[in-house]
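Chain letters run A, B, ... following the sequence lines, proteins first and then strands; every chain starts at 1. Heavy-atom basis, side chains included; hydrogens, waters and symmetry copies ignored.
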Amino acid sequence: MERNPMRRQLAVMRQSLFDQGYLDEQFVQLEELQDDANPNFVEEVVTLYYRDSARLILNVEQALERKPFDFNKLDGYMHQFKGSSSSIGAKKVKAESTLFREYCKSGNGEGCMRTFQQLKKEYATLRKKLEAYFQVPIIFQFFSLSTLLNMCF
Amino acid sequence: MVLGKGASSSLSMKMADGAEDMVNNNNFTVLVVDDDPLIRKLHDMHLKNFGLRAQVVENGKKAVDLCHVGANFNLILMDREMPVMNGAEATKELRAMGVNSLIVGVTSCGSPNEKQAFMEAGLDYCFEKPLTPDKITFLLQELNKNN
């Protein structure tokens with residue numbers, strides 16, 4: 001039985017991230033790589049993800065402002081973004097990226113735009129939940145938090 | 001300390017299951033080729049856990065240049081889509097240079113055609129990203145067989 005109420009709360013938080021479909025098995029793989037020699041590995045990987053993928057989000061954002069849409073380019077960015085997202089087990093974010101790519105392949109601009117809004121929401125929600133779980137803000141090194149928040153809402 | 005294939009059986013000390021594997025893996029060198037720093041970090045960590053030393057580079061050209069100046073790797077993990085030189089081109093060049101390493105494609109879902117083209121560039125195997133412990137175990141078995 002978990003004596004420490006804080007740890008119990010974290011365990012509950014963690015479980016709900018899986019139960020609610022925010023994270024999948026890939027996240028567990030990350031946790032299994034964490035050990036005494038690398039005690040913050042999961043947090044480092046997640047931070048790296050949010051740092052690097054911010055650039056891709058920005059690229060997609062800018063590409064969606066140029067008409068007509070360059071679906072190949074959009075698909076290219078999303079391919080990368082999906083790869084990173086699935087590596088950290090970001091289940092909902094990954095699902096939206098898959099949908100976005102399908103819209104790219106069928107040349108559906110409306111679908112792309114709609115899906116991108118949803119993707120950004122999921123991306124931001126996951127970050128908030130993971131910040132709560134790690135209990136530290138996930139630092140963006142290249143983009144200010146306000147810029148990113150403006151992009152998301 | 002260099003151990004040959006049969007050496008582990010003559011060691012008198014008892015070793016834990018994982019440790020015995022690590023002894024055999026100590027001499028394998030791995031090159032991770034991927035433009036995504038997240039993947040490079042992940043794969044490097046996975047490999048470390050198996051006692052493998054990995055070098056990491058961010059595109060196919062760097063991989064080719066490394067091998068060109070004489071670096072030797074038992075295993076090369078090759079991403080497909082990279083800037084400057086992609087995985088398929090890099091694999092073709094490496095094979096043309098006479099590189100005999102186990103070259104394994106590690107890609108995000110591509111169409112069967114893309115995967116086929118990648119394999120035909122000269123890969124030994126092609127896996128979906130990201131690498132997992134059981135895939136690494138499989139690759140180590142292949143490496144041990146060939147050595």
(request) For residues A:E44 and B:M45, determine if any side-chain heavy atom of one lies less than 4.5 Å from a side-chain heavy atom of the other. (result) no
(request) Enter the distance from A:S87:OG to B:K41:NZ here, rounded to the nearest 0.5 Å. (result) 13.5 Å
(request) Enter the distance from A:Q29:CD to B:H46:NE2 here, rounded to the nearest 0.5 Å. (result) 5.5 Å
(message) Please determine whether residues A:F134 and A:Y22 belong to a single hydrophobic cluster, defined as Ile, Leu, Val, Met, Phe, Trp and Tyr linked transitively by side-chain heavy-atom distances below 4.5 Å.
(response) yes
(message) Do B:L52 and B:L31 sit in one hydrophobic cluster, given that two such residues count as connected whenever their side-chain heavy atoms are within less than 4.5 Å of each other, even indirectly?
(response) no
(message) Only heavy atoms, only distances under 4.5 angstrom. Which residues in residues 32-41 of chain A are near chain B?
(response) A:E32, A:L33, A:D35, A:N38, A:F41
(request) Answer yes or no: does atom NZ of A:K105 have more than 12 heavy-atom neighbours from other residues, nucleotides or ligands under 6.0 Å? (result) yes
(request) Kindly check if the number of other-residue, nucleotide or ligand heavy atoms within 6.0 Å of CD (A:E31) is above 12? (result) yes
(request) Please state whether the side chain, the backbone, both or neither of B:L42 comes within less than 4.5 Å of a heavy atom of chain A. (result) both
(request) Take atom NZ of B:K135 as the centre, draw a 6.0 Å sphere, and report whether it contains more than 12 heavy atoms from other residues, nucleotides or ligands. (result) yes
(message) Are A:L30 and A:V93 linked, directly or through intermediate hydrophobic residues, by side-chain heavy-atom contacts shorter than 4.5 Å (ILVMFWY only)?
(response) yes
(request) Assess whether atom CD of A:E110 is packed by more than 12 heavy atoms of other residues, nucleotides or ligands within 6.0 Å. (result) no
(message) Could you report the tightest heavy-atom contact between A:L48 and B:L38, atom names first, then the distance?
(response) CD2-CA, 3.7 Å
(request) List in chain and number order the residues that pass ring-ring contact (aromatic ring centres under 6.0 Å, His included) with A:F100, two or more places apart in sequence or in another chain; answer none if no residue qualifies. (result) none
